[in-house]
Amino acid sequence: MSEPAQPSGARTAARAAATTVGDCEARARDRPLKLPSACGRRAKLCSRSARRNRTDRRDRMPRHRIFSGIQPTGEPHLGNYLGAIRQWVEQQEAPDRADALYAIVDYHALTIEIEPEQLAAWTLDMTASLLACGLDPQKVTLFRQSDVPEHAELGWIFSCVAALGDLQRMTQFKDKAEQNKDNINVGLFTYPVLQAADILLYKATQVPVGEDQVQHLELSREVARRFNRRFGETFPEPQPLLSKVARLRGLDGSAKMSKSKGNTVALGEAPETIRAKLKVAVTDPARLRRNDPGHPEVCNIFTLHGCFTGPRDPERLAAIERDCRSAALGCVDCKKELADRVVEQLTPIREAQAAWRARPDDLRDLLEVGRKKAAAIAEATMEEVRARIGVRGLAKRR
RNA sequence: AGGGGUGUAGCUCAAUUGGCAGAGCGGAUGAUUCCAAAUCAUCAGGUUGCGGGUUCGAUUCCUGCCGCCCCUGCCA
């Protein structure tokens with residue numbers, strides 16, 4: 001069935017909760033990579049070209065194409081959702097949306113130790129979660145990376161194009177290598193190269209990224225430039241699509257929300273668990289007593305209000321900020337209110353997730369549909385690449 | 001492949017001729033706070049990498065295997 005328990009509730013919820021597309025800025029043509037702060041300036045320009053695409057889409061490569069990936073390393077949490085998934089859904093709901101491909105990047109997940117059955121199970125489960133969040137396979141291409149072997153092929157070719165020095169500068173590799181000294185594999189190091197292949201295989205022009213991925217995307221751009229210079233113009237330079245969403249800290253106050261730290265709220269978390277976790281989440285350490293003025297700008301709870309209350313009720317968000325500063329609103333009440341918002345917005349997702357999990361065959365079918373769509377593009381790109389680099393055409397000589 | 005090192009609580013590491021396996025951090029609970037943080041108190045947590053052997057008794061000594069790190073090589 002191609003129209004399964006489509007969580008319309010979740011979809012509306014996600015859409016309503018979502019900030020507008022204008023919040024994400026597409027820096028379409030600027031060569032130097034700058035982090036945009038002001039948003040929306042280019043919205044018109046983008047929509048105009050996007051509209052042009054749509055009419056051409058049938059027979060021509062779209063001017064804009066979005067690619068992004070997510071690793072199947074467990075159930076996605078609030079950080080994944082607010083940082084990436086919600087943007088994906090927003091994009092697809094935009095009237096002038098670009099062509100978009102989203103991959104569950106299981107080859108990337110291989111850089112950490114993971115049991116084969118686990119990898120397969122999590123891949124399927126991630127599919128369920130993404131659909132539950134409202135991603136619509138009829139509007140975007142959703143597929144599994146390893147189903148399109150060209151990723152690996154292009155990855156090798158790119159590893160002969162990328163500069164060692166550039167990779168050695170990757171801070172994320174340094175961090176991960178430091179954290180996981182027992183398994184510093186080469187894949188961890190060349191990760192950004194495979195990522196460049198992921199993106200450029202589809203000649204994607206826009207990549208929704210979090211701040212931590214900007215450096216990797218810059219490498220993709222560099223790889224595209226180097227390839228083009230050496231083998232001829234082939235790839236566009238992908239642009240970052242930075243979301244304005246404030247960085248989410250972990251519930252324990254640490255810099256990042258990550259599963260390994262256990263400071264997350266999973267998307268399918270039970271309401272009681274959500275409430276319990278938020279209840280003991282770290283707030284503003286400077287606000288010692290009930291009547292002390294708060295500092296919303298440093299409070300992670302307020303950041304979360306910005307994500308869950310703000311988009312639906314900006315006035316309420318402003319009131320919370322004001323009342324926190326004036327101590328009219330206490331942290332306990334503030335957390336309760338947040339928990340209500342989170343629970344009510346996550347509930348449809350949780351239910352849809354459960355519904356999808358109950359129909360693994362449909363999930364597999366959907367991934368297969370995605371594979372076909374992705375493979376068609378990937379194969380075309382690779383034909384071009386093989387010809388350019390000189391690994392085709394031997395037999396034809398006479 | 002050979003040589004050297006290493007493997008003990010979730011993490012970093014202790015354990016004196018072979019004699020009840022501990023500490024710090026982290027975690028949980030309680031006190032205190034509007035909550036959280038901080039502070040104080042309490043608690044949990046282990047097949048000492050796996051298998052043999054010596055011994056009354058092995059984290060410790062011997063042996064085989066496994067993982068990881070470093071060095072020197074070999075093959076392509």
Side-chain angles (χ1 to χ4, degrees), chain A residues 73-75 77-79 82 109-119 122 152 156-157 159-160 167-168 172-191 246-266 269-310 316-317 319-346 391:
Chain A
T73 49
E75 188 177 355
H77 53 71
L78 243 38
L82 296 169
L110 221 46
T111 56
I112 61 167
E113 269 189 61
I114 176 171
E115 295 297 320
E117 307 79 40
Q118 184 80 97
L119 182 58
W122 273 343
W156 167 257
I157 295 166
S159 74
C160 302
L167 285 179
Q168 283 169 332
Q172 199 176 86
F173 169 72
K174 293 185 206 167
D175 288 349
K176 287 201 170 173
E178 181 61 30
Q179 278 171 20
N180 195 0
K181 291 196 174 110
D182 277 353
N183 183 20
I184 307 180
N185 56 71
V186 177
L188 209 54
F189 183 67
T190 58
Y191 192 109
R247 252 171 82 86
L248 261 196
R249 274 168 287 144
L251 297 184
D252 60 355
S254 66
K256 204 176 171 188
M257 187 176 272
S258 79
K259 213 171 80 120
S260 57
K261 287 186 177 172
N263 59 13
T264 68
V265 173
E269 206 94 73
E272 318 82 70
T273 315
I274 295 175
R275 289 180 200 282
K277 284 187 170 181
L278 289 178
K279 198 172 169 186
V280 295
V282 170
T283 59
D284 168 17
R287 191 176 180 188
L288 296 178
R289 307 186 171 284
R290 173 66 182 80
N291 293 323
D292 290 343
H295 308 85
E297 67 277 7
V298 301
C299 182
N300 201 31
I301 297 298
F302 183 73
T303 306
L304 284 163
H305 265 300
C307 299
F308 283 93
T309 304
R316 182 55 199 150
L317 183 68
I320 290 171
E321 175 166 15
R322 190 186 58 234
D323 292 348
C324 173
R325 285 189 202 286
S326 69
L329 176 66
C331 292
V332 171
D333 292 334
C334 180
K335 282 177 167 178
K336 267 187 197 147
E337 185 175 338
L338 175 66
D340 287 343
R341 295 294 87 75
V342 173
V343 166
E344 92 194 16
Q345 288 173 54
L346 249 42
V391 299

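Basis for what follows: all heavy atoms, side chains included, without hydrogens, waters or symmetry-related copies. Everything quoted here is computed from the prediction, not taken from an experiment.
In terms of heavy atoms, A:Cys299 sits closest to A:Arg249 at C-NH2, 3.8 Å. Pairing each heavy atom of A:Gly330 with each of A:Arg287, the nearest pair is CA-NH2, 3.9 Å. Closest of all the heavy-atom pairs between A:Cys334 and A:Leu329 is CB-CD2, 3.9 Å.
Residues A:Leu278 and A:Leu251 form a side-chain contact, since some pair of their non-hydrogen atoms from C-beta on lies under 4.5 Å apart. Side-chain contact between A:Arg316 and A:His305 is absent, with no heavy-atom pair separated by less than 4.5 Å.
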Given Watson-Crick and G-U pairs under 3.5 Å, RNA chain B in dot-bracket ([ ] crossing, | other strand) is (((((((..((((.....[..)))).(((((.......))))).....(((((..]....))))))))))))....
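Whole-Å rounding puts the A:Ile301 CD1 to B:A36 P distance at 12 Å. When the P atom of B:C35 is taken as reference, atom CZ of A:Arg275 falls 19 Å away, rounded to whole Å. The nearest whole Å value for the distance from the CZ atom in A:Arg289 to the C1' atom in B:U39 is 13 Å. Atom CZ of A:Arg249 and atom P of B:A37 are 14 Å apart (whole Å). Put simply, CZ on A:Phe302 is 22 Å from P on B:A37, counting in whole angstrom units. Protein atom CG of A:Leu278 is 20 Å distant from nucleotide atom P of B:C34, rounded to whole Å.
Of the candidates B:A37, B:C34, B:C35, B:A37 carries the atom nearest the A:Leu288 side chain, counting heavy atoms from C-beta on. Candidate nucleotides B:C34, B:A37, B:C35 were compared by shortest atom distance to the side chain of A:Val282, and B:A37 ranks first.
Using a 4.0 Å heavy-atom distance criterion, A:Lys279 is classed as a sugar-phosphate-only contact. Among the atoms of the strands shown, none is found under 4.0 Å from any heavy atom of A:Asn291.
Residue A:Phe302 holds its CZ atom at 13.5 Å from NE2 of A:His295, rounded to the nearest 0.5 Å.
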